[in-house]
Amino acid sequence: MTTLLIAGLAISVATNIGMATVLFTRRTYPGFGYWVLGTFCRTIGGILMLSRGELSPFLTVVLANVLLLADLTFYLRGLQLFRDLPTSLPMEIGLLVSFGTLLAWFTVIVPSINARIVLFCVYSSAVQLLALRLLMTQRPADFGSGDRLQAFTLGVMTLAELARALYTAFFAAPIGDFLAAPPTQGVLILWGMMSVLLLALSQIIMNAQRIEYDYHLAQRRLEQDLAERETAAAALSASETRFRLAFDNANTGMALVDLQGCFPKVNDRMSAIFGYAKAELEGMSVNTLALSEDASISSDFIARAIRGEVESATFEKRYRHRCGDLIYGRVSSSVVRDPRGETLYFISQVQDITHSRQTEVSLRRSLMDLQRHDAQMVALNRMNERLLSCDGRAAAYGIFADSAESLFGSHGGGLVVAHEQGDALELVASWGERHGLRPHFPARDCAAFRQGGVFAVADPRGCRGCNRFQGPPESRYLCVPLAIQDQPLGLLQIVAVDSLCDGNFAELRTLAMTVGESIKLTLSNLALREALREQAIRDGLTGLFNRRYLEETLPRELARCNRVGEPLTVAMLDLDHFKRFNDTYGHEAGDLALSAVGHLLGEWVRGSDIVCRYGGEELMLILPGTPPDDARRRLDALRSAVMEMRLQCHGLDLPGITVSIGSAAACPYELEASDLIRRADLALYRAKAQGRNRVVDFEARPGLASARVP
């Protein structure tokens, strides 16, 4: 038995050396190292077995057998790793710990060599069966003679171990000394040694076959890669051909751009877009063609693409044609990289969109013009609505000044109106800071008035004959005279901004003429309205306010005087013997006398006084803020002035005229105008009854009435 163990130890050492040599000198797969470690454990275990009687039983029996079982456990772990299968460390530790514990029991507590042999055979058979099952049920693609040899060896070893366990347990006599065991044990040990050698050989063959399989697999993959590369090369060649044809014959400009922003290659369309020959463009920088304001667009894209931030971009740039024309281009540029991701060059497409851009600009300009025209029309309509509802010229001037900035924008100007009498023109509304008009100037200083039509000055430096400006005009301007039926009403002045082009200046002229028509109509309507109002409230013969105006005004004056605590006196005048004067000298002379007295009263009264023709030859005076005594003195002076009048009709002297006057003072808090008029009428009746040509106050007694007889 000792001889067999020594021979087995030698085989184990030789196997260990051979396995280690393969491990450290050849290519091996995961798990082969565990196989080497297992053979090492078997060698150590064999050495410990040979030391029985010299060392402790725990070393020569327990540890030696645990190392022998560890050899099989490492073999199983190595096989799992070799097949790329999961392992279970807790199971392996549990297997070894349980085996060691039972072995120690049958060594120390209940010593039995037969039990130890049976225990080892059972544990080793279990591990070998697991390995055999793994070999036969999960066969990889590289399964070959090495795997079969290993499966055969494991199968024989398992049968031998099971047979040894059965024989030892049921047939063999109790063994007192393992080294002096019967020959049957030696035969089994000899087979075990041969199995170890075969197992190591099969492991080396399995590793070599797997290497060979991987080599053939790699070779097939290489052949497949070569075939794919040939196919890819053919496809690339065809693709390059198609790309070259598409590049050269594209309807858009095509160019390759290097990392410095130059053209290595361009197509014919690119040459046609910019007017350069292909040889001239190739090598030229993209920024040479672009406007300086747009040069940074391509440079920024190239820099970002090199940094890996973008792969493609579409943008618009402006270029200069060789002959100097402006070109709008839509550029689509993509980066081309090598397999490592390094930037090689860029491929760019340039589409000439000059026509569409010009069309778009024209449409946008038309839209802006239309929007501006709509805004002007809205402002003009609003101005006309406001002008129609205004109640006087001053309000109309303010409305026009407010509306002018919406109508004319940044263009300055002013509205000048003519006085009803005289040659003077007055600036009544202005806007902007550049109108430069004087507040007043004679009509003869305006060339537009002298010319009688629209006066447009495109070059103010050549303007002569206009003295209405405070200084020389700085930019082009135009004047629109406002006249109806050759009756001048005023002047509309527009001073344009410096940047105004000829087309816009013509549009401004049209707008000014339209606005001028609205202003003319407004001024004419206001004049007509004022004339109608004057006709409605004034007497046509005397020029004084009529009775209707009196009835509207006197209650208002009564209320005002009561509110502020002022006195108010009303006087009624009547031309003495006017009917006889008419019958004697004719109605024409009577009208002349009434008209003369009316004009005298209009000049005699104060600004706050009101004079009306009450009816026929009766006239009415309203004297606000005048107490009765002051009123009597003033009325008596008026009576004297009438007596001093001298009239002629058709060259004949008319006799003098006298008037009778009756006055009445308003009572405190009196609001009824009819009562006040009635008292003045009674006072007039008393003046006539007392002999005419006198002033009678309603409050004075008849006997004390003041009277002066010429």
Side-chain angles (χ1 to χ4, degrees), residues 535-555 557-558 568-605 609-624 626 628 631-632 634-643 645 647 654-666 672-700 702 705-708:
Q535 293 177 7
I537 64 174
R538 289 193 179 272
D539 176 61
L541 177 62
T542 61
L544 303 177
F545 292 112
N546 56 21
R547 182 168 181 170
R548 177 182 175 184
Y549 184 79
L550 172 69
E551 292 173 349
E552 293 177 357
T553 306
L554 183 55
E557 287 296 320
L558 273 172
L568 184 141
T569 302
V570 173
M572 186 174 288
L573 287 75
D574 185 82
L575 274 65
D576 294 333
H577 305 294
F578 185 72
K579 183 177 182 307
R580 185 172 59 191
F581 187 88
N582 259 342
D583 293 342
T584 303
Y585 301 102
H587 289 285
E588 186 176 358
D591 292 344
L592 179 62
L594 272 175
S595 176
V597 173
H599 284 89
L600 175 63
L601 287 174
E603 296 175 357
W604 175 82
V605 298
D609 298 338
I610 300 172
V611 185
C612 305
R613 183 178 180 183
Y614 191 68
E617 69 274 16
E618 292 182 340
L619 308 175
M620 181 74 73
L621 284 83
I622 302 173
L623 308 174
T626 305
R632 287 180 61 191
R634 292 186 60 202
L635 293 172
D636 194 57
L638 174 62
R639 182 190 60 79
S640 300
V642 172
M643 289 177 57
M645 289 175 54
L647 302 176
L654 298 176
I657 303 172
T658 62
V659 293
S660 299
I661 304 174
S663 67
E672 289 294 334
S674 58
D675 293 341
L676 186 58
I677 294 174
R678 181 178 55 79
R679 294 201 303 273
D681 188 41
L682 289 174
L684 176 61
Y685 178 77
R686 292 175 184 173
K688 290 183 177 181
Q690 293 176 14
R692 293 184 172 83
N693 192 20
R694 65 193 66 228
V695 179
V696 174
D697 188 352
F698 177 78
E699 299 298 332
S706 172
R708 292 187 181 182

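Atom set for the values below is all heavy atoms of this structure, side chains included, hydrogens, waters and symmetry mates excluded.
Minimum heavy-atom separation, L541 to S595: O-OG, 3.6 Å. Shortest non-hydrogen contact noted between L623 and A631 is CD1-CB, 4.2 Å. Counting all heavy atoms, side chain and backbone alike, I661 lies closest to A687 at O-CB, 3.9 Å. The two residues R538 and G543 come nearest to each other via the heavy atoms NH1-O, 2.9 Å. The shortest non-hydrogen separation linking G598 to L544 is O-CD2, 3.4 Å. Nearest heavy atom pair, residue A596 against residue M645, reads CB-CE, 3.2 Å.
In the displayed structure, Y685 atom OH is contacted under 6.0 Å by at most 12 heavy atoms of other residues, nucleotides or ligands.
Remark: side-chain polar atoms of R613 are not paired, donor with acceptor, to backbone N or O of N546 under 3.5 angstrom. Although no hydrogens or angles enter the test, the distance criterion places a donor-acceptor pair under 3.5 Å between the side chain of R694 and the main chain of R692.
Put simply, CG on L594 and NE2 on H587 are 11.5 Å apart, with the number rounded to the nearest 0.5 Å. Separating the CZ atom in R548 from the OG1 atom in T553 is a distance of 11.0 Å, to the nearest 0.5 Å. Note that the CG atom of L575 and the CG atom of N693 stand 11.0 Å from one another [nearest 0.5 Å].
Using a 4.5 Å heavy-atom cutoff, the side chains of D681 and Y614 are not in contact. At least one side-chain heavy atom of F545 sits under 4.5 Å from a side-chain heavy atom of I610.
By the side chain to side chain contact (heavy atoms under 4.5 Å, CB included) test, L592 pairs with C649, L654, sequence neighbours left out. Checked against side chain to side chain donor-acceptor pair (under 3.5 Å), E557 has the following partners two or more places apart in sequence or in another chain: R560. Qualifying salt bridge (charged side-chain N to carboxylate O under 4.0 Å, His left out) partners for D609, counting only residues two or more places apart in sequence or in other chains: R606, R634. For Y585, the ring-ring contact (aromatic ring centres under 6.0 Å, His included) partners at least two apart in sequence or on another chain are F581. Annotation: side chain to side chain donor-acceptor pair (under 3.5 Å) contacts of D576 (sequence neighbours excluded): T658, S660. Residues meeting the side chain to side chain contact (heavy atoms under 4.5 Å, CB included) test with D574, sequence neighbours left out: E617, E618, L684, K688. Residues that satisfy the side chain to side chain contact (heavy atoms under 4.5 Å, CB included) test with A666, not counting sequence neighbours, are L558, L568, E670, L676. Listed by chain and number, the residues in a salt bridge (charged side-chain N to carboxylate O under 4.0 Å, His left out) with R547 are E551 (sequence neighbours excluded).
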Q | Intermediate values then yes/no, side chain to side chain contact (heavy atoms under 4.5 Å, CB included), L573 and L638 | A | CA-CA 10 Å; L573 287 75; L638 174 62; 3.8 Å; yes

(Q) I'd like to know whether D697 forms a side chain to side chain contact (heavy atoms under 4.5 Å, CB included) with S663, so could you lay out the CA-CA distance, the side-chain angles of the two residues, the decisive distance to 0.1 Å, and finally the verdict. (A) CA-CA 5 Å; D697 188 352; S663 67; 3.8 Å; yes

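Contacts classified as salt bridge (Lys or Arg N to Asp or Glu O under 4.0 Å) and involving residues 579-601 (residues at least two apart or in different chains) are given here: K579-D583.
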